[in-house]
Amino acid sequence: MVFLGLIGIIFFMEYGIKQHMDKAYTQNDKRRIAGGKIVLRKYYNTGAAGNFLSSRPGCVRLLHASVLTATGACLLYLLPKKGLYAAKTGLSFLTGGGLSNLYDRIRKGHVVDYISFGFGPGWFQKLVFNSADFFVFAGILLGLIQYFKKEGDL
């Protein structure tokens, strides 16, 4: 039950942040925090990561929904098993973050992104994320950790 609650927390936290960004920011606003290392700005992403396939939003929605369905099915399969906490947490992160972004895709036709970085090469500074993306990334890392550990270790 903890893992399902985690999905809900991620989804509703991200929903609230995206609602705030949509109301409080224009797409021209840039606010630097943490000494300029983090930049808050609203960006509408109609494609996948890096706006990949932005000209095919239906394809992106279908692909996103398919991957999210498989992720959720894996989590449901693992939930009754003992241990495997890294995998269960990772799949919960993936599901919560993925569900938040899929909701945006279906409801708004785009994903609201709002975090970029004010350091590194120029191409890196142009990338814009949201916290759901970070949960997806963390979920993948936890899944890899679980995969490379012995089954009962985590």
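FYI, the numbering just counts along the sequence from 1.
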(request) Mind checking side-chain hydrogen bond (donor to acceptor under 3.5 Å, both in side chains) for R31 and listing every partner two or more places apart, or none if nothing turns up? (result)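 Only Y25 meet the side-chain hydrogen bond (donor to acceptor under 3.5 Å, both in side chains) criterion with R31.
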(request) Name all residues meeting the side-chain hydrogen bond (donor to acceptor under 3.5 Å, both in side chains) criterion together with K30; count only those two or more places apart in sequence or in a different chain, and write none if there are none. (result)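 So K30 forms no side-chain hydrogen bond (donor to acceptor under 3.5 Å, both in side chains) with any residue.
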Which side-chain N or O atoms in residues 133-141 pair as donor and acceptor under 3.5 Å with protein atoms at least two apart or in another chain?
from, atom 1, to, atom 2, distance (Å)
D133, OD1, N101, ND2, 3.0
D133, OD2, N130, N, 3.1

(request) With side chain to side chain contact (heavy atoms under 4.5 Å, CB included) as the test, would you mind laying out the steps for R61 and I106 before giving the verdict? (result) CA-CA 7 Å; R61 272 191 307 273; I106 292 170; 4.0 Å; yes
(message) Can you confirm whether the side chains of Y44 and D22 place a donor and an acceptor under 3.5 Å from each other?
(response)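 A pair is found: one side chain offers a donor N or O, the other an acceptor, under 3.5 Å apart.
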(message) Distance alone, cut at 3.5 Å: any donor-acceptor contact between the side chains of H64 and R105?
(response)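 Present: a donor and an acceptor within the cut-off.
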Would you indicate whether the side-chain heavy atoms of [Y] and [X] approach each other to under 4.5 Å?
| X | Y | value |
| --- | --- | --- |
| F117 | Q125 | no |
| S131 | M13 | yes |
| C74 | Y77 | no |
| L4 | L79 | yes |
| I10 | S100 | no |
| L91 | K88 | no |

(request) Could you state whether V39 and V128 fall into the same hydrophobic cluster, counting links through intermediate Ile, Leu, Val, Met, Phe, Trp or Tyr residues with side-chain heavy atoms under 4.5 angstrom apart? (result)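 No, V39 and V128 fall in different hydrophobic clusters.
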(request) Output, in order, the C-alpha distance, side-chain angles, deciding distance and verdict of side chain to side chain contact (heavy atoms under 4.5 Å, CB included) for F3 and F93. (result) CA-CA 9 Å; F3 299 104; F93 282 6; over 6 Å; no
(request) Please confirm whether the backbone N or O of V112 pairs with a side-chain atom of D104, one donor and one acceptor, at under 3.5 Å? (result)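 Yes; judged by distance alone, with no hydrogens or angles, the pair exists.
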(request) Only one of H20, R41, K42, M21 passes side-chain contact (heavy atoms from CB on, under 4.5 Å) with Y114; say which it is. (result)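 When side-chain contact (heavy atoms from CB on, under 4.5 Å) is applied between Y114 and each of H20, R41, K42, M21, only M21 qualifies.
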(request) State which residue, out of V2, L142, I145, L75, fulfils the side-chain contact (heavy atoms from CB on, under 4.5 Å) condition with T89. (result)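 Output: one option passes, namely L142.
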(request) On the 0 to 90° scale, with breaks at 30° and 60°, tag the F11-Y15 ring pair as parallel, tilted or perpendicular. (result)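 The rings of F11 and Y15 lie parallel, inter-plane angle below 30°.
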(message) Please give me the minimum heavy-atom distance between L94 and L68, naming the atom from each residue.
(response)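 Taking every non-hydrogen atom into account, O-CD1, 4.3 Å.
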